[in-house]
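First up is the structure itself, then whatever we jot down about it.
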There are 2 protein chains.
Amino acid sequence: MASLLSTARRARSSVARPAAQALRRQYASAGAAAVSPEASEQAFFPDEPRQPIIKTQMPGPKSRAAIERLGKVTDTRSLNMMANYQQSYGNYIADLDGNVLLDVYAQIASIPVGYNNAALQLAATSPEMASALINRPALGNFPQHDWADILETGILAVAPKGLNQVFTAQAGSDANELAYKAAFMWKRQQERGSYDADFSAADVASAMDNQAPGAPDMSIMSFSKGFHGRLFGSLSTTRSKPIHKLDIPAFDWPQAPFPALQYPLADFAAENAAEEQRCLAETERLIREFPKPVAAVVVEPIQSEGGDNHASPAFFQGLRDITARNNVLLIVDEVQTGVGATGRFWAHDHWNLASPPDMVTFSKKAQTAGYYYGNDALRPNKPYRQFNTWMGDPARAILFRAIIREIERLDLVAHTAATGDYLYAGLQRLAERYPGDIQNLRGQGQGTFIAWDTPRRDEILKTAKAHGVNIGGSGAHAVRLRPMLIFQRHHADLLLERLEAILKQ
Amino acid sequence: MASLLSTARRARSSVARPAAQALRRQYASAGAAAVSPEASEQAFFPDEPRQPIIKTQMPGPKSRAAIERLGKVTDTRSLNMMANYQQSYGNYIADLDGNVLLDVYAQIASIPVGYNNAALQLAATSPEMASALINRPALGNFPQHDWADILETGILAVAPKGLNQVFTAQAGSDANELAYKAAFMWKRQQERGSYDADFSAADVASAMDNQAPGAPDMSIMSFSKGFHGRLFGSLSTTRSKPIHKLDIPAFDWPQAPFPALQYPLADFAAENAAEEQRCLAETERLIREFPKPVAAVVVEPIQSEGGDNHASPAFFQGLRDITARNNVLLIVDEVQTGVGATGRFWAHDHWNLASPPDMVTFSKKAQTAGYYYGNDALRPNKPYRQFNTWMGDPARAILFRAIIREIERLDLVAHTAATGDYLYAGLQRLAERYPGDIQNLRGQGQGTFIAWDTPRRDEILKTAKAHGVNIGGSGAHAVRLRPMLIFQRHHADLLLERLEAILKQ
């Protein structure tokens, strides 16, 4: 395979030099830079640092000064690392003090194809990007003339099977809320008897007072430990952690139990199947009995913020059956699982559903957001019902298109499936050596979307920094791996080696 | 004043030629292009078309084909005009059929300094913009090292008086919802007795079930006809039109009456003062008596989507007093009024409040979003309470900084105040000649944020296109003007001339 950088450089004007070039020169002149990944594959970023560079304790003095300054104007108490993105490259994130870490957290699973990716740099400096930034349209009223083309060659080129339309949004939270709104409108039209049936006078009057029937006492069902965002509607479906929800008013909506599987899966096949059946039965009971009619069920393919909780394809097939037979929509929230990380472009591709989900939401690695749908009845029956000023972001839609092309060019979904298998096998070996610290290893066959539980999670995450690895947690006890799609075997080797050093301590 | 284009051109590399240059050449070679604005001021965009260009009925054949194509993949029923932004320039918006319209709607009040503004083009093609796009940070965890600088020299350089901190967001709706969340957290901490008081076990347990006390039965108060967004929390405070709210579950939150002023204001001074007092009294009664305790009151300086409804500084001073003495926060929603259009940078600058609002939200012309605050107690008492993955957008924050610099360089706030006075005087003359079609003219002294009522509003908006003007409505009967800040006297003359031609029909 030709070098990504040299390919991109040839395509590029000689003036707008990509930051990547400056970085490769820098890393090439440093001792850490010689490129010879140990694994039998060519590097996507040949000039990445060969290994992490640790120069100071973190945060170092320059970072501390920058954090103090930032803390005067905004809340920095959740700050993990003051990053220097000019010095970050590929899988490596740099800070202000010269520390460069292997990043397997990737902006909370949001960086798809590497820091300072040259192909994205081309898209980001293109004339159409500049126009999208400076002439940002109100897409619902004044779309740009090439919006259909941008959608068809980008967001819709990777639409989940069976879904051929999209409503674009800004981030995962509002993507989910817009999907919920579509579900409520659909459900109420069904109650009115037809797609075209008009609102009643009572609907119109009561809606303005936030009262039923115009503002209906309906609900969206979600699962225990699910995470779907933190705006008021999405937060009402989020059940991850108290700190996400405390003090915020919420709708009285139902939550179904999500299966609590036991690991290793092969040893608990019967117990896990029974657990999934129990959860499905309770889901169906709630749909039928919850006093506020359920318009939709929203579910993550892998519950991410809530602790990396998995369920089997059979569970999701059952959920599709239950929602279909109870006339309730199924919304699959692929905000964190989508765009390749599980070894399929969409995580729900693993399920082999008989009929597609009704809506699929996306964000994070897509760098833009929205929901896919395939059913014309999910277009509200009148204009201006699903509407806002911007209705998405052409600039980020152009960027997502470049991401998709990069994923296709480098075959990154298949690559991630293979790298994930390799990494998972290495973690299994580590788990045998350190069974107390790597419990319930999960994500086999799910690309690099891998996690495990450990009683000393927070300590491990902190120690990892000193070992040159930026890594995240989920739920109360899980270490979650969310590397980019350009994470390769030699990165996996390095991660495994560093993890072992941490666990040995 | 030096030409904006020539200044920008000097500053610019010779390779990345701004679209603006191509456009000025094109318009300069067209018959419509000679530059000599009638008014006694130099043109900010000297090579703008001298007047609108109408080549076809709208939508013309190319637009119709593009709309049909787009309609297959997303809902186009609210589409107003299929725009060609490559051909749009300054105050003029172009379509695919060669029509070029004077745009006094400006992407629902969202374009601040003109299409293809050369200074914004510079910012949009800068290396820091490219980095912000391709290395988008999770700002709460991994902010970029220059985030404080970008905030201080941009968003915070125009912070409302008394507010020195910011929480950034993506769009107006979520900016408001994040402000509401801050208000709820603040109010509940007060109930607990101190900023540092910990949650009770009952809080923690009930929050996960969406029940009080953890998910408290508290409220945000808004005003009749107010508009604050269309996500679930913001929509619960929106009271503009049924079509915005129908079929969407809403919180049972209180709405206070917004003053219904009579025009001309000078003729109804006593009546209007009494009306405002009535509304204030009812506001205070509701705050004291509404069963769900009110954490904050949210108000627009000029109710925009709800019909361009104004109130006097005395009303807002009274509202500040009432909220302060009842220990309720005052959130001023400047999403549509902010960033210069009213002849002050923030519309609430007109009020001369004794103490600042507690939070001010912004979006639209800022091209990014968030809320300003000045009170440390509005930082939640623990990290991760006000948090999401992206927490704003450095790319758009960089763009807003360029917008602010352009506003300062051209003194566009003072300019807009003066142009607004000029335009308002012209509209007064038109109203005298066409009293049936220009009723309740409002916005005097409010820059170009001008509106009036007319019984044939929708017809006028439609007819305006054929006369070369793109213009919007608000509420049920209002024509609203939302020109950009680079709207000048010669544009006002042209608008008045075209309006008169429309009204004569």
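Sequence lines set the chain letters: A, B, ... in the order given, protein chains first and strands last, and positions in each chain run from 1.
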Query raised in the report: Any Lys/Arg nitrogen of R230(B) or D174(A) sitting under 4.0 Å from an Asp/Glu carboxylate oxygen of the other?
Result: no
Query raised in the report: Which bit of L156(B) is near chain A, if near means a heavy-atom gap under 4.5 Å: side chain, backbone, both or neither?
Result: side chain
Query - Engaged part of I93(A) at the chain B interface, taking heavy atoms whose separation is under 4.5 Å - result: side chain
Requested in this report: Give a yes or no on whether a salt bridge exists between D247(B) and K187(A), defined as a side-chain N under 4.0 angstrom from a carboxylate O.
Outcome: no
Query - Heavy-atom contact with chain B under 4.5 Å, split by part of L399(A) - result: side chain
Requested in this report: Find the one option among T238(A), D217(A), N470(A), V335(A) whose heavy-atom pairs under 4.5 Å with chain B are most numerous.
Outcome: N470(A)
Requested in this report: Using a 4.5 Å cut-off on heavy atoms from C-beta on, say whether the side chain of L133(B) contacts that of L133(A).
Outcome: yes
Query raised in the report: Considering only heavy atoms, which portion of P127(B) lies under 4.5 Å from any heavy atom of chain A: side chain, backbone, both, or neither?
Result: neither
Report task. Specify whether F251(A) and F251(B) have parallel, tilted or perpendicular ring planes, treating 30° as the upper limit for parallel and 60° as the lower limit for perpendicular. Result -> parallel
Query - Which atoms of L96(B) approach chain A - backbone, side chain, both or neither, heavy atom under 4.5 Å - result: side chain
Query raised in the report: With only heavy atoms counted, which part of F199(A) is less than 4.5 Å from chain B, the side chain, the backbone, both or neither?
Result: side chain
Report task. Please look at M129(B) and chain A and tell me whether the side chain, the backbone, both or neither of the residue comes under 4.5 angstrom of a heavy atom of that chain. Result -> side chain
Query - Proximity breakdown for I243(B) and chain A, heavy-atom pairs closer than 4.5 Å - result: both
Query raised in the report: Relative to chain B, which segment of K292(A) carries a heavy atom at a distance below 4.5 Å: side chain, backbone, both, or neither?
Result: neither
Report summary line: Counting heavy-atom pairs under 4.5 angstrom with chain B, the leader among L120(A), I403(A), I248(A) is I248(A)
**Report entry** Any side-chain heavy-atom pair of D75(A) and F387(B) under 4.5 Å
**Finding:** no
Query - Side-chain H-bond candidate by donor/acceptor type, Q144(A) with N84(B), under 3.5 Å - result: no
Report summary line: chain A shares the most heavy-atom pairs under 4.5 Å, among I134(B), V166(B), V204(B), with I134(B)
Report task. Examine whether an atom of L151(A) lies under 4.5 Å from a heavy atom of chain B, and if so say whether it belongs to the side chain, the backbone or both; otherwise answer neither. Result -> side chain
Report summary line: Ranked by heavy-atom pairs below 4.5 Å to chain A, first place among A106(B), P380(B), A124(B), P249(B) goes to P249(B)
Query - D149(A) and R69(B) ion-paired at < 4.0 Å - result: yes
Requested in this report: Looking only at non-hydrogen atoms, find the nearest pair between D393(B) and R396(A) and report the distance.
Outcome: OD2-NH1, 2.6 Å
Requested in this report: Answer yes or no: is there an ion pair linking K245(A) with D203(B), defined by an N-O contact shorter than 4.0 Å?
Outcome: no
Query raised in the report: Looking at K62(B), E128(B), H244(B), K72(B), which makes the most heavy-atom pairs under 4.5 Å with chain A?
Result: K72(B)
Report task. For the residue pair N210(B) and R239(A), establish whether any side-chain heavy-atom pair is separated by less than 4.5 Å. Result -> yes
**Report entry** Distance-only donor-acceptor check, side chains Q255(A) and D209(B), under 3.5 Å
**Finding:** yes
Report task. Kindly indicate whether the side chain of S110(B), heavy atoms from C-beta on, has any atom under 4.5 Å from the side chain of R136(A). Result -> no
Query raised in the report: Non-hydrogen atoms of chain A under 4.5 Å away: do they reach the side chain of S206(B), the backbone, both or neither?
Result: neither
Report task. Evaluate the side-chain proximity of S78(A) to N141(B): yes if any heavy-atom separation is below 4.5 Å, no if none is. Result -> yes
**Report entry** Which atoms of I111(A) approach chain B - backbone, side chain, both or neither, heavy atom under 4.5 Å
**Finding:** side chain
Report task. Heavy-atom pairs under 4.5 Å with chain A are the metric here; pick the option from N388(B), T76(B), N135(B) that has the most. Result -> N135(B)
Requested in this report: Side chain from CB out, backbone as N, CA, C, O: work out which of these in S63(A) comes under 4.5 Å of a heavy atom of chain B, or both, or neither.
Outcome: neither
Query raised in the report: Do you know which two heavy atoms are closest between V73(A) and N164(B), and how far apart they sit?
Result: CG1-O, 4.0 Å
**Report entry** Test item: L70(A) and P143(B) side chains (from C-beta on) under 4.5 Å apart, heavy atoms
**Finding:** yes
**Report entry** Close side-chain approach of D252(A) to Q211(B), heavy-atom, < 4.5 Å
**Finding:** yes
Report task. Applying side chain to side chain donor-acceptor pair (under 3.5 Å), name anything that partners D95(B), two or more places apart in sequence or on another chain. Result -> N99(B)
Query raised in the report: Distance only, no hydrogens: is a donor on one side chain within 3.5 Å (strictly under) of an acceptor on the other, for Q107(B) and T389(A)?
Result: no
Requested in this report: Report the option among K241(B), Q386(B), M391(B) that has the most heavy-atom pairs separated by less than 4.5 Å from atoms of chain A.
Outcome: K241(B)
Report summary line: Checked S363(B), A402(B), A395(B), A250(B) vs chain A; the most non-hydrogen pairs under 4.5 Å come from A250(B)
Query raised in the report: Can you find a pair of side-chain heavy atoms, one from L246(B) and one from R188(A), that are under 4.5 Å apart?
Result: no
Query raised in the report: With a 4.5 angstrom heavy-atom cut-off, which part of A132(A) approaches chain B: side chain, backbone, both or neither?
Result: backbone
Query raised in the report: According to the interplanar angle, ranging from 0 to 90°, do the rings of F232(A) and F184(B) count as parallel (below 30°), tilted (30 to 60°) or perpendicular (above 60°)?
Result: perpendicular
Report task. Identify, with sequence neighbours excluded, every residue that meets ring pair (Phe, Tyr, Trp, His ring centres under 6.0 Å) alongside H145(B). Result -> none
